[in-house]
Amino acid sequence: MPTELPYAADAEMSLDYDELEVLRLQYQKELAQDHVTTQTKFNFAWGLIKSPKHEHQVEGVRILQELYRAEPARRRECLYYLALGYFKMGNFEEAKRFNALLLEKEPTNLQAQSLAQLVERGAARDGYIGMALVGGVAALGTLVLAGLIRRARK
């Protein structure tokens, strides 16, 4: 399904360890001074979301949720990266919810439209995997039941 939309490249691009470490050190430095700026929090959360590690993504989403509640001026940016974070963690329902909020505010946002397509594909893929697992379990159950019936007849 070709698209004319700019690809939501953030979905697959990761920061390397050194880039994330720069953001982490800045965040920890400000945290030690009891004042972390909104920009530093956002930058660190952004870096965590872009990490390939699940635990980093979870922490990035947590920080972005805090920012979303505390900083109304940053909500638009937070919505996109919250959707992206949930997408990368495989939580397609939450990704869809946050991306829909962004598209409600900015229906022509091409990056959010692209992310919506990725979320839909991910959710569909998960649905197919779920159906395959259920089918496999049902087939296995049928084989076990057939074996038990054969044994009982002998």
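It should be emphasised that the depicted structure is a prediction, and the values quoted were computed from it without experimental measurement. Side-chain atoms are counted along with the backbone in the values below, which use heavy atoms only and exclude waters and symmetry mates.
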- Query: Would you say the side chain of Leu84 lies within less than 4.5 Å of the side chain of Asn99, judging by non-hydrogen atoms?
  - Reply: no
- Item | CD-OH distance between Gln111 and Tyr80, expressed to the nearest 0.5 angstrom | 3.5 Å
- Note on the structure: Glu66 meets the side-chain hydrogen bond (donor to acceptor under 3.5 Å, both in side chains) criterion, sequence neighbours left out, with Arg62
- Task: Grab the two heavy atoms, one from Ala116 and one from Leu103, that are nearest each other, plus how far apart they are.
- Result: CB-CD1, 4.2 Å
- Pairs touching residues 56-79 that satisfy ring-ring contact (aromatic ring centres under 6.0 Å, His included), sequence neighbours left out: none
- With Leu101, which residues qualify under side-chain contact (heavy atoms from CB on, under 4.5 Å), at least two apart? Leu79, Phe98
- Ala95: side-chain contact (heavy atoms from CB on, under 4.5 Å) partners, not counting sequence neighbours: Tyr86, Phe87, Val119
- For the student: nearest non-hydrogen atoms of Gly47 and Leu20, plus distance: C-CD1, 3.6 Å
- Message: Test of understanding: with side-chain contact (heavy atoms from CB on, under 4.5 Å), list the residues that count as partners of Asp34, not counting sequence neighbours.
- Response: none
- Message: For Tyr81 and Val61: C-alpha separation, side-chain torsions, deciding distance, then whether side-chain contact (heavy atoms from CB on, under 4.5 Å) applies.
- Response: CA-CA 8 Å; Tyr81 285 103; Val61 164; over 6 Å; no
- Scanning both residues in full, the closest heavy-atom pair of Ile63 with Ala45 reads CG2-CB, 3.7 Å
- Message: Main chain of Lys50, side chain of Lys88: is a donor-acceptor contact present, judged purely on distance under 3.5 Å?
- Response: yes
- Query: Quick check: does any side chain N or O of Gln57 sit under 3.5 Å from a backbone N or O of Ser51, one acting as donor and the other as acceptor?
  - Reply: yes
- Val58: what forms a side-chain contact (heavy atoms from CB on, under 4.5 Å) with it, not counting sequence neighbours? His54, Met89
- Message: Same cluster or not: Val22 versus Leu48, using hydrophobic residues (I, L, V, M, F, W, Y) connected whenever any side-chain heavy atoms lie under 4.5 Å apart?
- Response: no
- Task: Run the numbers on Gln26 and Phe44 for side-chain contact (heavy atoms from CB on, under 4.5 Å), then give the verdict.
- Result: CA-CA 8 Å; Gln26 180 64 33; Phe44 184 46; over 6 Å; no
- Message: Are Leu67 and Arg74 packed together at the side-chain level, in the sense that at least one heavy-atom pair is separated by less than 4.5 angstrom?
- Response: no
- Message: As an exercise, state the distance from CD of Glu71 to CG of Leu64, rounded to the nearest 0.5 Å.
- Response: 12.0 Å
- salt bridge (charged side-chain N to carboxylate O under 4.0 Å, His left out) with Glu30: which residues, sequence neighbours excluded? none
- Message: I'd like to know whether Lys105 forms a side-chain contact (heavy atoms from CB on, under 4.5 Å) with Arg75, so could you lay out the CA-CA distance, the side-chain angles of the two residues, the decisive distance to 0.1 Å, and finally the verdict.
- Response: CA-CA 11 Å; Lys105 294 175 188 290; Arg75 284 192 176 150; 5.6 Å; no
- Query: side-chain hydrogen bond (donor to acceptor under 3.5 Å, both in side chains) with Asn91: which residues, sequence neighbours excluded?
  - Reply: none
- Message: To check you understand the geometry: which heavy-atom pair defines the closest contact between Asn109 and Leu102, and what is its length?
- Response: ND2-CD2, 4.0 Å
- Message: How long is the straight-line distance from CZ of Arg24 back to CG of Leu31, given to the nearest 0.5 Å?
- Response: 12.0 Å
- Task: Sort and list the pairs that fulfil salt bridge (Lys or Arg N to Asp or Glu O under 4.0 Å) and have at least one residue in residues 106-115, not counting sequence neighbours.
- Result: Arg76-Glu106
- If you measure from OG1 on Thr38 to CG on Asn43, what distance do you get to the nearest 0.5 Å? 10.5 Å
